[in-house]
Amino acid sequence: MLKIYNTLAREKQVFTPIVPGKVGMYVCGMTVYDFCHLGHARVMVVFDMVSRWLRASDYEVTYVRNITDIDDKIIKRANENGETIAQLTQRFIDAMDEDSAKLGVIRPTLEPKATEFVDGMISMISALIDKGFAYVADNGDVFYSVNNFEGYGKLSGKSLEDLRAGERVEVDTHKKDPMDFVLWKSVKPNEPSWDSPFGGPNNGKGRPGWHIECSAMSSQLLGNHFDIHGGGQDLQFPHHENEIAQSEAANSLASTHTHDGQSCQMVNYWMHNGFVRVDDEKMSKSLGNFFTIRTVLEQYDAEVVRFFILRAHYRSPLNYSDQHLDDAKAALNRLYTALRGLVVEVADIDWRQSQAASFKAAMDDDFNTPEALAVLFDLANEVNKTKSLASAALLKSLAGLIGLLQRDPDEYLQGLASVNSNADEALNVDQLIIQRNEAKQSKNFAEADRIRKLLAEAGIILEDSPQGTTWRRA
RNA sequence: GGCGCGAUAGCAAAGCGGUUAUGCCGCGGCCUGCAAAGCCGUUUAGACCAGUUCGACUCUGGUUCGCGCCUCCA
């Protein structure tokens, strides 16, 4: 029985889908104006793991992860680069696809782009205006009136009073209340715009605000009421809070000016993943302390990065450092080493088997991947001891459910990303191993050790066994 | 200032009111020509102060410290 920590309730709850056997899940994706960093990698990997486990639990999952391809920063960056917005966003969508594929992330079922759903946003804003939840300001911007939505703050645990007290942004004079947020931004010179019926000085021309994008896309693709909504912890407020306010107000049948947020709940389970940190500080664009995925992949194998992410619980903070990546690599090596030299096929899992049951219990407990991984190490130990093909098959099969351990062990162990791999390319490893074995045969251990040292300096470690000598990268 | 989260051994990271988490590192042994890998064993825990309890790392309260959100952010 799957339990999920629901941010809305602040507790773990038994997962019950709206439609038996089916799950609708929406995750806030990327704003595509730059390369993805490790924080983005965590969202992608975490919710990939979630969708995989839901599918392994026999749910039919519709996983939607949006792409924000219109936004202030995108416009700014495109202007700086002297390229069109479409060129810029396509470039970074391609880069994102490349990065996520390397991390073993299965493509979401749907990846809607904001610019393709502007009509839906406009009609949602119109509904909000009609119901009295939104108003057109004198400059043509359309704002959401937070006072009219009774449930405002229910997700983030904030009250409007506290928010106003902590207000540290200059008040936009066009707003009725400082906490009101923008739904539609009136057109500015040299900016893309869409026609709308909202009126104002620019006859309604403008573009959508960020929050309305997700409300419109999720309700169009998953309906007004769906199972799971995910994203990074930093989106809890204001983004997700605003999504709730928009969707529940717009989709309610009530035409009153206030709304309790109960009669037409948008989402049953809200999931938020923890941050990636550097030196105990959040990794973020604004702090400038981020590492892009592709930078890290120059030094570490993508599966090591995935393993590093899944080693921590998804809600915990995750500190990034070379030492921690090295540690993850050593741990993953142990798992692959156990499978080395065995012919293992992924098989159906008998969930009554004790390790399989432990793995399932861990995953069902709010996706406790650290505990699930401990089960894999237990199996690896068993495989090392007994060479049991059944245990090896179970190890590979369970790991496969969270996107790990599916490569050929030798390919992984010998292909580990190595920055200084040029030096050893010139060396013929297999030839040197033969030479060394000849030296060993004739008890010329000095020569054998010389060859081993030569390879070691090139980052290649030899391992002798009764079945012969194998090698791997350090 | 408001709201929230956290504090576990050298490092990382889980569960659990009493019984080995796990991985890396260290130490001893086995194996090996020697190593590596593997196996066996093993040293390091639960910020601090109270309380509940037969018994607390685990529950409750407080203290201290750290982090996050309150502004774009995964």
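Every value quoted in this text rests on a predicted model; they were computed, and no experiment measured them. For the numbers below, each heavy atom of this structure counts, side chains included, while hydrogens, waters and symmetry mates do not. Throughout, a chain's letter reflects where its sequence line sits, starting with A, and its residues are numbered from 1.
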Considering Watson-Crick and G-U wobble pairs with both distances under 3.5 Å, what does [N] pair with?
| N | value |
| --- | --- |
| B:rG46 | none |
| B:rC39 | B:rG29 |
| B:rG6 | B:rC65 |
| B:rC11 | B:rG23 |
| B:rG18 | B:rC54 |

Among [options], which nucleotide has an atom closest to any side-chain atom of [X]?
| X | options | answer |
| --- | --- | --- |
| A:A331 | B:rA14, B:rG23, B:rU22 | B:rG23 |
| A:D464 | B:rC24, B:rA35, B:rU22 | B:rA35 |
| A:R436 | B:rG23, B:rC72, B:rG33 | B:rG33 |
| A:N384 | B:rG38, B:rA14, B:rA74 | B:rG38 |
| A:E463 | B:rC69, B:rA36, B:rC34 | B:rA36 |
| A:E281 | B:rC34, B:rG23, B:rG68 | B:rG68 |
| A:D449 | B:rG33, B:rA14, B:rA36 | B:rG33 |
| A:K158 | B:rG15, B:rA74, B:rG2 | B:rG2 |
| A:M179 | B:rA14, B:rC24, B:rU71 | B:rU71 |
| A:R452 | B:rA74, B:rC34, B:rA12 | B:rC34 |

Tested for ring pair (Phe, Tyr, Trp, His ring centres under 6.0 Å) against A:H37, the lone hit among A:Y320, A:F275, A:F290 is A:F290
[X] has an atom [atom1]; how far is it from atom [atom2] of [N], in whole Å?
| X | N | atom1 | atom2 | value |
| --- | --- | --- | --- | --- |
| A:L163 | B:rG4 | CG | P | 13 Å |
| A:F275 | B:rC72 | CZ | P | 14 Å |
| A:L235 | B:rG68 | CG | P | 16 Å |

Remember a base hit wins even if backbone is also touched, and classify [X] as base, sugar-phosphate or nothing at under 4.0 Å, heavy atoms.
| X | answer |
| --- | --- |
| A:G231 | sugar-phosphate |
| A:G274 | base |
| A:N368 | sugar-phosphate |

Looking at A:D180 and A:K176, is there a salt bridge between them, counting it only when a charged N and a carboxylate O are closer than 4.0 Å? no
Are A:K329 and A:D301 within salt-bridge range, i.e. N to O under 4.0 Å? no
Less than 6.0 Å separating the ring centroids of A:H240 and A:H211? no
State whether a side-chain donor-acceptor pair under 3.5 Å links A:Y63 with A:D48. no
Residue whose nearest RNA chain B nucleotide is more 5′ - A:Q323 or A:L462: A:Q323
Pairwise 5' ranking along RNA chain B for A:V43 and A:L287, keeping only the more 5' one: A:L287
Verify the contact: side-chain N or O of A:R340 to OP1 or OP2 of B:rG38, cut-off strictly under 4.0 Å; return yes or no. no
What is the ring orientation for A:F308 with A:H324, classed by angle as parallel under 30°, tilted 30 to 60°, or perpendicular over 60°? parallel
